[in-house]
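Right, one structure below, let's go through it.
Chain identifiers are assigned alphabetically (A, B, ...) following the order of the sequence lines, protein sequences preceding nucleic acid strands; residue numbering begins at 1 within each chain.
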Amino acid sequence: MAALNIQKGASSHSAYDLRDPNTQVIESHTLAVLVENEPGVLARVIGLFSGRGYNIDSLTVAEVDHLGHRSRITIVTRGTPAVIEQIKAQLGRIVPVHEVHDLTVEGPSVERELGLFKVTSKGDKRVEALRIAEIFRASVVDSTLESFVFEITGTPEKLDAFAELMRPLGLSDQARTGVAALARGA
Amino acid sequence: MSRQMTGARMVIEALRDQGVDTVFGYPGGAVLPIYDELFQQNDIKHILVRHEQGAVHMAEGYARSTGKPGVVLVTSGPGATNAVTGLTDALMDSIPIVVLSGQVPTFLIGTDGFQEADTIGITRPCTKHNWLVKETDELSATIHKAFHIATSGRPGPVLVDIPKDVQFATGEYVGPKQIETPSYQPAKKGDLATITRLVELMETAERPIFYTGGGVINSGTGASQLLRELVDATGFPITSTLMGLGAYPASGKGWIGMLGMHGLYEANMAMHDCDLMIAVGARFDDRITGRVADFSPGSVKAQIDIDPSSINKVIHVDLPIVGDVGHVLEDLLKVWKARGRKSNAPGLQAWWAQIEQWKARDCLAYRNSDQVIKPQYALQRLQALTASRNPYITTEVGQHQMWAAQFLHFEDPNHWMTSGGLGTMGYGLPASIGVQVAHPDALVINVAGEASWLMNMQEMATAVQFRAPVKQFILNNERLGMVRQWQQLLHGERYSQSWSESLPDFVKLAEAFGCAGRTVSDPAELDAAIQEMLDYDGPFILDVLVEKHENCFPMIPSGKPHNEMLLGEASTEGAITGAGAALV
C-alpha cells in the first residue's frame with residue numbers, strides 16, 4: 001500500500017496536539033477539571049489516579065460556581081505524552097466531569113500557588129529573613145518576638161526558591177495550597 | 001400532576017417506567033420496604049438467588065442476551081459487598097447493569113451500624129457511576145439517571161445505594177423523561193472526515209482485516225447487521241475477540257475465526273501481517289495483542305470506539321473514530337458505496353490465498369481417542385447436536401471457555417455470554433439462569449469446568465425454583481486445567497494446588513438439588529448423554545469426564561507476538577521465558 005501520509009500523533013483526540021505519542025519523555029502537565037459539585041466527585045478523580053497508577057504532583061479543589069454547582073480541580077501530573085493523553089481521556093469518562101483542559105498544551109496560562117512559611121529565629125537571621133521576604137514580596141501575616149509567618153503567592157518554583165532561602169534562616173513549618181491555574185487571554 | 005409516594009414505592013414505579021420485567025435479588029434488613037412493595041405488585045418478577053454474586057451474573061446474562069439492562073436488588077453490607085465481583089465483571093465487559101442496594105438509615109451512616117458498609121466507596125472503582133440517595137425527593141430521578149448511564153455510551157454497571165429511611169419517607173416521583181445529565185453526553189456520530197479517510201485506505205489496502213469486539217454486540221443487533229453487510233460487500237477477512245463472537249456469523253465467508261492468546265493461527269497471522277487493521281468496538285486487550293512492541297508492525301490502524309479512553313491506551317492507532325459502532329458503520333458503508341464500492345481486488349485475492357495457506361495448518365487439530373473423551377471432541381459433538389436450535393451459550397473461565405470459543409460456532413449476536421475481561425470463575429451457571437429467564441423457551445447451555453462450576457453451584461437451587469431448564473455441560477478433568485497448563489509450561493510441571501482431590505458426585509448433586517444429571521466417560525456414549533441432557537425437561541447437569549491433561553492450543557505464549565504461536569504438544573519446551581514469565 002502506498003505511503004499513507006498520516007501525521008504522527010494525529011490520532012490524539014486533542015486536535016491541537018501533534019507531538020510524537022511514542023516518546024518516553026516525562027512531561028509535567030497542568031490539568032483543569034471542571035466537575036459537578038456533588039458528593040464523592042473528588043474521590044472519583046483521586047481514585048482514578050491511584051487506581052491506574054498516575055502521578056499527582058499538586059491538587060487543588062474548590063467550588064467556583066455555587067449556583068451552577070461547579071467545582072474546579074487543578075491537577076499537576078507527570079507522564080509520557082501517551083500517559084497524559086490517557087489521563088485526560090479517563091478523566092473525561094467520569095460521569096460528573098464536565099470539561100478537562102490541558103493548560104500546558106492549550107496555550108499560555110498563569111499558575112499560582114499560595115504558601116505560608118513559619119520562620120523561627122533571632123537576631124541577624126530574623127532581620128535577613130525579613131529582608132528576603134521583602135525581595136519576594138512576601139507579607140508578614142503573624143509575628144512574635146521569635147517568629148514570623150510569611151504569606152507568599154507565586155509560581156511553585158518561586159515558593160520553592162523562597163523556602164530554600166528561608167531554610168538556613170530558621171524555616172520551621174510550611175503550608176502550601178497547591179497550584180491554581182487559568183488560561184491567559186479572553 | 002404531583003405524585004407523592006414512599007421511596008420504596010418509587011423504586012417499583014421507576015423500574016416499571018423503565019420497562020423492567022425482571023429483578024434478580026436477595027432480601028435483607030435494609031431493603032425490606034422495597035421487598036414489601038415488590039410483594040404487592042405483579043408487573044415485575046423477582047428471581048430469588050442464593051448468593052448476591054449470582055444475582056449480578058444473572059443480570060449480566062439477562063443483559064447480554066437481550067440488550068436490555070439487568071437489574072439487581074441487594075441489601076446493605078454483605079449484600080452489597082457480595083455484588084462487587086459481578087460489578088467488576090460487568091465493568092470490564094461493558095455490560096449494562098443497575099444494582100439497587102439497601103443502606104442503613106441516613107442517621108446511622110458512619111456509626112459502623114449493623115450491616116453497614118461504605119458501599120459507595122467500595123463500588124466506586126467497579127461501577128461506571130454510583131449514587132447514595134439521601135433524600136426521597138431525589139430517588140426517582142437518580143434511578144432514571146442510573147438506567148440512562150448504564151445503557152448509553154459505553155455501557156456498564158451502576159449502583160444506587162438507598163438508605164432505609166429514604167425508602168420509608170414520602171417524596172415526589174418524577175418520570176424518566178424529566179432527567180438531565182449535562183456532564184454526561186457520550187458521542188454517537190463519528191467524525192465524517194476521518195471515516196472518509198478510512199474509506200480511502202480501504203479502497204487501496206492489499207491486506208486489510210476487520211478486528212471486531214464486544215462493542216459491536218453492545219451497539220445492538222443493527223450494528224451486527226451493518227458489520228455483516230460491510231464485510232460481505234468489501235470481501236475483507238474478519239476476526240473477532242472473545243467478547244465479539246456472533247456479531248459476524250461463523251458461517252460467513254469473511255470469517256477467519258477468533259484471534260488472541262488462544263485464537264486461531266490464521267487470525268493471528270493475518271493480524272500480524274495485515275496492512276490495514278480496522279478495529280471495531282475492540283480495545284486491544286493484552287490477551288489480544290501479545291507482545292505490544294511487535295503487534296502488527298506493518299499496518300495502519302483505524303479504531304472505532306465509543307470510549308475515547310480506549311483509543312491509544314495500549315496500541316497507537318492512526319485513525320481514531322470516536323462514536324457508536326452502529327452509527328459509524330452506517331456512515332462508513334454510505335461513504336464507501338457513494339465512492340463507488342472500490343476495493344483492491346488483486347491485493348485481496350493474494351491476501352486470501354495467503355490466509356488459506358495459514359488455514360491449511362489446521363491449528364485446532366487434536367488427537368482424538370476412542371478410550372477417553374477429549375474436551376474438544378465433546379464440544380464438537382455439542383455443536384453438532386445443538387446447532388439447529390441456535391442455543392445460547394454461557395461459560396465459566398478456563399480451558400473449557402477457550403475450547404468453547406474455538407469449537408462452537410456462533411451465528412448471531414447476544415448468544416454468547418462469557419466473562420472476558422475479568423475472567424470470573426463462577427460466572428457461567430448464574431449467567432445461564434439469567435439468559436434462560438429472559439428467553440424461557442430457548443436452549444441455554446453453560447459450558448463449564450468442574451472447578452469454576454463449584455464456585456457458584458448454589459444457584460442450581462435458583463434454577464430449580466424458577467424452572468429454568470439450564471443445561472450444565474461440565475468438562476470435568478478434575479484439574480484447574482488452565483492453571484495446570486501454565487504450571488506445565490512455566491513452572492517445571494510442579495502442579496501446585498491445581499488438582500481437586502475431592503470432587504462431589506455431580507449426579508447425586510443434581511438429585512440433591514431436585515434436577516437430573518448423568519456422568520459420561522465413554523466417547524461412544526457421549527452423543528446419547530448429550531441428547532439426554534437436551535431432551536430432559538428441566539435443569540440438567542452433564543458431568544463429562546474428559547482427558548485430564550489436555551492442553552489448550554493454539555497458544556501465544558505470554559510475552560510473544562502473534563506470529564510465534566504454539567501449535568501443539570511438541571512445541572512447548574521453554575515456551576515462556578524472560579519477561580513473558582512475569583505476565584499473566
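- Here the CD atom belonging to A:E85 is positioned 15.0 Å from the NZ atom belonging to B:K313, to the nearest 0.5 angstrom.
- Rounding to the nearest 0.5 Å places OG of B:S183 at 10.5 Å from CD1 of A:I94.
- Interatomic distance, B:R124 CZ to A:L48 CG, rounded to the nearest 0.5 Å: 12.0 Å.
- Contact annotation: the side chain of B:H129 approaches that of A:P96 to within less than 4.5 Å [non-hydrogen atoms, C-beta and beyond].
- Using a 4.5 Å cut-off on side-chain heavy atoms (C-beta onward), B:D307 and A:Q90 make no contact.
- A:Q86 CD to B:I311 CD1: the interatomic distance, rounded to the nearest 0.5 Å, is 10.5 Å.
- More than 12 heavy atoms of other residues, nucleotides or ligands sit less than 6.0 Å from atom CD of A:E38.
- Neither the backbone nor the side chain of B:P186 has a heavy atom closer than 4.5 Å to any heavy atom of chain A.
- We find the OG1-CD distance between B:T181 and A:E36 to be 10.0 Å, quoted to the nearest 0.5 Å.
- Residue A:E99 does not touch chain B at all, counting heavy-atom pairs closer than 4.5 Å.
- At most 12 heavy atoms of other shown residues, nucleotides or ligands fall within 6.0 angstrom of atom CD in A:E134.
- Rounded to the nearest 0.5 angstrom, A:I87 CD1 and B:S309 OG are separated by 12.5 Å.
- Using a 4.5 Å cut-off between heavy atoms, A:V95 touches chain B through backbone and side chain atoms alike.
- Other residues, nucleotides and ligands contribute only 12 or fewer heavy atoms inside 6.0 Å of the CD atom of B:E180.
- Surrounding CD of B:Q349 are at most 12 heavy atoms belonging to other residues, nucleotides or ligands under 6.0 Å away.
- Counting non-hydrogen atoms of neighbouring residues, nucleotides and ligands closer than 6.0 angstrom, the NZ atom of A:K125 reaches no more than 12 such neighbours.
- For A:R93, the part lying near chain B is the side chain, with the backbone staying farther off; criterion is any non-hydrogen pair under 4.5 Å.
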